[in-house]
Amino acid sequence: MAVKPAIPKGTRDFLPEEVAKRTHIFNTIKTAFEKYGFQPIETPSFELSSTLMGKYGDEGDRLIFRILNSGDKLLKADVMALENKELPKFSNSISEKALRYDLTVPFARFVVQHQNELAFPFKRYQIQPVWRADRPQHGRYQEFYQCDADAVGSESLIYEIDFVLLFDEVLSALKIPDFTIKMNNRKILTGIAEVTGESTRIIDLTIALDKLDKIGEEGVINELLIKGISESAIEKMKPLFALTGNNEEKMEVMKTFLISSEVGQKGIEELEFILDNVNDIGLNKAKLEIDFTLARGLNYYTGAIFEVKANGVNMGSICGGGRYDNLTETFGLKNMSGVGISFGADRIYDVLNELQLFPDDSGNNIQVLFVNFGAKEQRRCLKWVQHLRKNGISCELYPSSSKLQKQMKYANDIKAKFVALIGEEEYKNNSIQLKNMETGEQSSVDLNGLLAMIK
RNA sequence: GUGGUUGUAGCUCAGUUGGUUAGAGCACUAGAUUGUGGUUCUAGGGGUCGUCGGUUCGAACCCGAUCUUCCACCCCA
């Protein structure tokens, strides 16, 4: 019985036209990364589970695709753990590998493993798919591409500036009309937690705060109460809910708010340094916005936090990033600060599609299709096709001498720009009937004439 | 992981209070058209009605489970 053709949920096939569009995105990003001095690397699609587990929080662990052990290794299954419903323990006993969940953690592993072969600060970029066992939704897939650039081995805020410029350069080049780069600093979030006296609850605090623009002040307060944050702390946070105005005005308010927090002050300083420099340099299309509620779940960020949103489209963030000081430490290498960003290629694709911003000409179509009239004509066509190819023209010969109508229809379907006909007459006098498929015009030329017309 | 939603031909969708051989358009193949495509006409092939189970004399239709689609949460690109 025939197997019903289907692909797993959250995955997609890409037709030639779609691949062309995606390639355009990848190339734009790649070109920019290289212009800023990043070098390409690749890492395996799957890593040891121990490399990935525990790096993304409990929520993240749940979303990591595990790879089932093969063959006899399955005999090691910890049946007791299963009976006791200790699922993580059981999973580990039947799976020792997992598909990568992002590119940052594998990169941290890579840096530690190859530290003697790398020149620091090391700047790499990486464009590869990642996998998440998430429930598919608008702009959310189980397999999608991340385009990451990271710089490790330096605490210099110059990189943060570069990354803001990179966001602006790439998204402007992709012709996204209106987008906002949101920026925050983990040290400021730490400061807020300190000032409100809830230092130990920083995660709950920031997650709730992150939802301010979505559920409003009351919603956040509600969530904080549910999480068990004290009312006095919430009272102290109230000024933050009302933060408005431009970046400078927000910074002023925050400076006062964090006056008693050393870490917080440091965060302000960093943010101000980046902001000043970027303002000085100037941006193309990006709006740069300070957003103190921005938390970017990934709990490994320690400094700058970035998020980019396309405006006027219903789509989550299309890029993210930030600085992480301790990521290589879990692999045994201390004092290796890194900062990086990630472009969500698939969401960018969806945004460009929704806004109909892809150029019309997909461009990669064949230039000339040679019609096949039979054995002796075919023999000459094969020779001439190869001659044209040597001259840089994409062309092909129809594989069989089917009815002319059918061959013309095929030419039409594959959007060939020209059709070359060499039948009995043309064969005799070494000519070609060349038909322009757009205009319908047709003329008799020789091989050189064809070259001249097409080039 | 929580809540809702969807599934009939390759694609987009009709369909009968549960009752014989389940339809259309597009696509495909062939012909009208013996050297000319995107228009038209004619004919043809193609479906165990997502899957498994239950109720019933009888299920595409009712019930349950499961998978899938899309959406909102959670979280994130």
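Below, chain A is the first sequence line, B the second, and so on; all start at residue 1. Heavy-atom basis, side chains included; hydrogens, waters and symmetry copies ignored. Please read all numbers here as calculations on a predicted model, not as lab measurements.
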Completion exercise
Between A:F144 and A:M408, the residue closer to the 5' end of RNA chain B by nearest nucleotide is A:M408

Practice task
For A:I7 and for A:H138, locate the closest nucleotide of RNA chain B by heavy-atom distance; then report the residue assigned to the nucleotide nearer the 5' terminus.
Solution key: A:I7

If you take atom types as modelled and just measure distance, does the side chain of [X] reach the base of [N] with a donor-acceptor pair under 3.5 Å?
{"X": "A:R132", "N": "B:rA77", "result": "yes"}
{"X": "A:K9", "N": "B:rU68", "result": "no"}
{"X": "A:R135", "N": "B:rU2", "result": "yes"}
{"X": "A:Q433", "N": "B:rU36", "result": "no"}
{"X": "A:Q407", "N": "B:rG35", "result": "no"}
{"X": "A:R347", "N": "B:rC76", "result": "yes"}

Practice task
Compare the aromatic ring of A:F343 with the six-membered base ring of B:rA77 and state whether they stack according to the 5.5 Å and 30° rule.
Solution key: no

Please report the distance, rounded to the nearest Å, between [atom1] in [X] and [atom2] in [N].
{"X": "A:L294", "N": "B:rC76", "atom1": "CG", "atom2": "P", "answer": "11 Å"}
{"X": "A:D134", "N": "B:rC70", "atom1": "CG", "atom2": "P", "answer": "13 Å"}
{"X": "A:L103", "N": "B:rA77", "atom1": "CG", "atom2": "P", "answer": "11 Å"}
{"X": "A:R140", "N": "B:rG1", "atom1": "CZ", "atom2": "P", "answer": "14 Å"}
{"X": "A:E143", "N": "B:rC76", "atom1": "CD", "atom2": "C1'", "answer": "17 Å"}
{"X": "A:I226", "N": "B:rC73", "atom1": "CD1", "atom2": "C1'", "answer": "13 Å"}
{"X": "A:I176", "N": "B:rA77", "atom1": "CD1", "atom2": "P", "answer": "16 Å"}
{"X": "A:Q137", "N": "B:rU5", "atom1": "CD", "atom2": "C1'", "answer": "13 Å"}

N/O donor-acceptor pair under 3.5 Å between [X] side chain and [Y] backbone:
{"X": "A:K123", "Y": "A:Y36", "result": "yes"}
{"X": "A:S342", "Y": "A:D148", "result": "no"}
{"X": "A:D168", "Y": "A:A286", "result": "yes"}
{"X": "A:N69", "Y": "A:E96", "result": "yes"}

Interface polar pairs with nucleotides 29-33 of chain B, N/O, under 3.5 angstrom:
unit_1	atom_1	unit_2	atom_2	d
B:rG31	OP2	A:K403	NZ	3.3

Between the side chains of [X] and [Y], is a donor N or O closer than 3.5 angstrom to an acceptor N or O?
{"X": "A:N372", "Y": "A:Q378", "answer": "yes"}
{"X": "A:Q126", "Y": "A:R124", "answer": "yes"}
{"X": "A:S93", "Y": "A:D78", "answer": "no"}

Could you work out the separation of [N] and [M] based on their [atom1] atoms and round it to a whole Å?
{"N": "B:rG46", "M": "B:rA24", "atom1": "C1'", "answer": "15 Å"}
{"N": "B:rC52", "M": "B:rU8", "atom1": "P", "answer": "16 Å"}
{"N": "B:rG25", "M": "B:rG19", "atom1": "P", "answer": "25 Å"}
{"N": "B:rC13", "M": "B:rU55", "atom1": "C1'", "answer": "30 Å"}
{"N": "B:rA77", "M": "B:rG15", "atom1": "P", "answer": "43 Å"}
{"N": "B:rA59", "M": "B:rC41", "atom1": "P", "answer": "41 Å"}
{"N": "B:rU20", "M": "B:rU33", "atom1": "P", "answer": "43 Å"}
{"N": "B:rC71", "M": "B:rU17", "atom1": "C1'", "answer": "32 Å"}

Practice task
Could you check whether the rings of A:F163 and A:F306 sit parallel, tilted or perpendicular, using 30° and 60° as the cut-offs?
Solution key: perpendicular

Practice task
Specify whether A:Y398 and A:Y410 have parallel, tilted or perpendicular ring planes, treating 30° as the upper limit for parallel and 60° as the lower limit for perpendicular.
Solution key: perpendicular

Is [X] touching bases, backbone alone, or none of the nucleic acid, heavy atoms closer than 4.0 Å?
{"X": "A:S342", "result": "nothing"}
{"X": "A:C319", "result": "sugar-phosphate"}
{"X": "A:L404", "result": "base"}
{"X": "A:G440", "result": "base"}
{"X": "A:G57", "result": "nothing"}
{"X": "A:G321", "result": "nothing"}
{"X": "A:Q146", "result": "sugar-phosphate"}
{"X": "A:G316", "result": "nothing"}
{"X": "A:E223", "result": "nothing"}
{"X": "A:L421", "result": "base"}

Problem - Close residues, residues 371-378 of chain A, relative to RNA chain B [heavy-atom separation under 4.0 Å] - result: none

For the [atom1] atom on [X], are there more than 12 heavy atoms of other groups (residues, nucleotides or ligands in this structure) within a distance under 6.0 Å?
{"X": "A:E155", "atom1": "CD", "value": "no"}
{"X": "A:K285", "atom1": "NZ", "value": "yes"}
{"X": "A:F65", "atom1": "CZ", "value": "yes"}

Practice task
Identify whether the distance between the nearest side-chain nitrogen and carboxylate oxygen of A:D413 and A:K409 falls below 4.0 Å.
Solution key: yes

Problem - Pair A:D291 + A:K250: basic N to acidic O under 4.0 Å - result: no

Practice task
Would you indicate, yes or no, if B:rA77 has its OP1 or OP2 atom less than 4.0 angstrom from a side-chain nitrogen or oxygen of A:K309?
Solution key: no

Practice task
Give a yes/no on whether any side-chain N or O of A:K415 is located under 4.0 angstrom from OP1 or OP2 of B:rG38.
Solution key: no

Given [options], which nucleotide is nearest the side-chain atoms of [X]?
{"X": "A:E59", "options": "B:rC73, B:rG37, B:rC75", "value": "B:rC75"}
{"X": "A:E425", "options": "B:rA77, B:rU36, B:rG35", "value": "B:rG35"}
{"X": "A:S317", "options": "B:rA77, B:rU36, B:rG35", "value": "B:rA77"}

Practice task
Flag this pair as yes if the NZ/CZ of A:K376 is under 6.0 angstrom from the six-membered ring centre of A:Y427 and inside a 45 degree cone about the axis; otherwise no.
Solution key: yes

Problem - Under the 3.5 Å Watson-Crick or G-U criterion, the dot-bracket string of RNA chain B, with | for inter-strand pairs - result: ((((..(..((((.....[...)))).(((((.......))))).....(((((..]....))))))..))))....

Problem - Aromatic ring proximity, centroids under 6.0 angstrom, A:F343 and A:Y145 - result: no

